[in-house]
There are 2 protein chains.
Amino acid sequence: MSLSPSSAGLSRTGGLHAALRLAILEQQLAPGARLPEDAIGEAFGTSRTIAREALGRLAVEGLVELRPNRGAFVASPSVDEVRQAFAVRRGLERVVVQTLAGQMKPAGLTRLRAHLAAEREAEEHHAAGAIRLAGEFHLLLAELTGNALLQRYVTEVVSRCSLGLATHARPHSADCGCREHAGLVEALSAGDTAGAEALMEAHLAALARRARLDEAPEPDIRAVLAPYASRLKGTR
Amino acid sequence: MSLSPSSAGLSRTGGLHAALRLAILEQQLAPGARLPEDAIGEAFGTSRTIAREALGRLAVEGLVELRPNRGAFVASPSVDEVRQAFAVRRGLERVVVQTLAGQMKPAGLTRLRAHLAAEREAEEHHAAGAIRLAGEFHLLLAELTGNALLQRYVTEVVSRCSLGLATHARPHSADCGCREHAGLVEALSAGDTAGAEALMEAHLAALARRARLDEAPEPDIRAVLAPYASRLKGTR
DNA sequence: GACCGCATGATTGCATGCGATTCATCTCCA
DNA sequence: TGGAGATGAATCGCATGCAATCATGCGGTC
């Protein structure tokens, strides 16, 4: 949909860049997965040059990790990085809410309400798209601000949060409750800036909490093995 | 100083990327300036490939505009885009302040105070680096949060703001007053979250105001010519 | 039997070369 | 004289090829 490299007049590099980003964000490429230039180039029918360039750009975005002479890997955020992403997200979405509150246009409200309806629909039927829709609600809000930079950052950070939750959260925790979304829309349409801010804050906090980010299911080998090592020393 | 591509173990692409960014932020490369791959590669003793790659990455950061089949140009953001960047920046730096307030480590304070001293020094002597140092104060704050994502975003958005001010502000307005920086550091070290937040808010507002962003020295041809056109109509 | 050093294969890092596109200039015609 | 079209240089977009680097498996040694 958003990736028609040639038809969109995009350069091949741009096309690959967009396609890879989508693949990563949709988790078709799992965090930590290797991204060999050859394979990517071949998959898209281009040379390594293009793949390489796209990977470099994704690295700037933080979606890909570039290890010198080793190759590229899909970034796999640690629990701590996800927590950091949520901190940034709170700040950004706060700006979104502040920008929108009191200056919502009817067209924007219409779109938001339509989205809410879709969310409810998907949630009731346990549709696969429910999680995606929940994320897209936030993207829609960002879009409505008309601030392109803000929109880009929110998109990125929401993606990262999703990626992080997918990696570390317990199952079925990545979705927003759509009632909270509905409340937000009402506060925004009423021009209740403070209320909307508080709702957004609570919403994001709940989202992070649902994810059990305080737990640490982190497979840090060294930390796990440290006690064993010290026991070995003591026994000896 | 911060650009020794080979010695730093950086790839050549990385070195060029960093060097070009610095050159743009120090306004050695003016907004709108052309950036031909050939010339850049030659200047750094590398091939076009590397230059091209670095330019692509800078484009992702928003420092460079890539026009298909036309080449690369130093980005020259519109007044509106600069305003948007400031809006985002306020949100991000707020998170920085919230994160830091009350948990400043002595090492961090030392670095901040050293930086303040350097700023004062540069300001007194009207050194060329004064503007850069003023920006780097904010980067240092972001770095001290330990939040890599936040640091990246602040870096980008500060760059954009600097670039925007370079394009649209009246001369000598792009520098922060380093007294405001000093006040911030004191509030942070005292753990005065609310005070630090307020200071940062005021500081950024002052920065934007100094830039006369409300004025519109925009060379919008149509707007300028509109009265002439209507007069022509009237006369006719 | 375990560990260290070395050769081999795979992959990255970078430079070069060949079309393709664009812009500037010149020419020609109305 | 003014403008539309042609021509050329300059530059970009991309593929390919070679050297450098790193992972992997094997043989040797303690």
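This is a predicted model, so every value here is computed, not measured. First the proteins, then the strands, lettered A, B, ... as listed; each starts at 1.
When each of B:Asp38 and A:Arg48 is assigned the nucleotide of DNA chain D bearing its nearest heavy atom, the one mapping closer to the 5' terminus is B:Asp38.
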Please test A:Val60 against B:Leu58 for side-chain contact (heavy atoms from CB on, under 4.5 Å), starting from the C-alpha separation and ending with a verdict.
CA-CA 9 Å; A:Val60 172; B:Leu58 288 167; over 6 Å; no

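In terms of the ring pair (Phe, Tyr, Trp, His ring centres under 6.0 Å) criterion, residue partners of A:Phe137 (sequence neighbours excluded) are, by chain and number, A:His181. Partners of B:Glu81 according to the salt bridge (Lys or Arg N to Asp or Glu O under 4.0 Å) rule, which considers only residues two or more places apart in sequence or in another chain, do not exist here. Residues meeting the ring pair (Phe, Tyr, Trp, His ring centres under 6.0 Å) test with A:Phe44, sequence neighbours left out: none. Every side chain to side chain contact (heavy atoms under 4.5 Å, CB included) that A:Ser47 has, sequence neighbours left out, goes to A:Thr49, A:Ile50. Remark: B:Glu61 pairs with B:His17, B:Arg21 by the side-chain hydrogen bond (donor to acceptor under 3.5 Å, both in side chains) rule, at least two apart or across chains. In this structure, the salt bridge (Lys or Arg N to Asp or Glu O under 4.0 Å) partners of A:Arg94, at least two apart in sequence or on a different chain, are A:Glu197. For B:Ala72, the side chain to side chain contact (heavy atoms under 4.5 Å, CB included) criterion is met by B:Leu35, B:Leu55, B:Val64, B:Leu66, not counting sequence neighbours. With sequence neighbours excluded, the residues forming a salt bridge (Lys or Arg N to Asp or Glu O under 4.0 Å) with B:Glu93 are B:Arg89, listed by chain and number.
What separates CD of B:Glu42 from C1' of C:dA15 is a distance of 14 Å, to the nearest Å. Between the CD atom of B:Glu37 and the P atom of C:dT21 there is a distance of 16 Å, rounded to whole Å. For the pair A:Leu16 CG and D:dA15 C1', the interatomic distance rounds to 14 Å; values are reported in whole Å. Remark: C1' of C:dA15 and CZ of B:Phe44 are 18 Å apart, rounded to the nearest angstrom. We find that CG of B:Leu66 is positioned 10 Å from C1' of D:dC12, with the value rounded to whole Å. Spacing between atom CZ of A:Arg67 and atom C1' of C:dA10 amounts to 17 Å, rounded to whole angstrom units.
DNA chain D lies under 4.0 Å from at least one heavy atom of each of the following residues of residues 49-64 of chain A: A:Thr49, A:Ile50.
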Polar pairs (N or O, both sides) under 3.5 Å between protein and nucleotides 7-9 of chain C?
none

Atom pairs under 3.5 Å: protein N/O with N/O of nucleotides 20-23 of chain D:
unit_1	atom_1	unit_2	atom_2	d
D:dT21	O3'	A:Asn69	ND2	3.2
D:dA23	OP1	A:Arg70	NE	3.1
D:dA23	OP1	A:Arg70	NH1	3.4

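Listed by first then second residue, pairs satisfying side chain to side chain donor-acceptor pair (under 3.5 Å) with a partner in residues 139-151 of chain A read A:Arg111-A:Glu143, not counting sequence neighbours.
In the set C:dC14, D:dA15, C:dG13, D:dA15 carries the atom at the smallest distance from any side-chain atom of A:Ser47.
Side chain of B:Gln103 to backbone of B:Thr99: a donor-acceptor contact under 3.5 angstrom is found.
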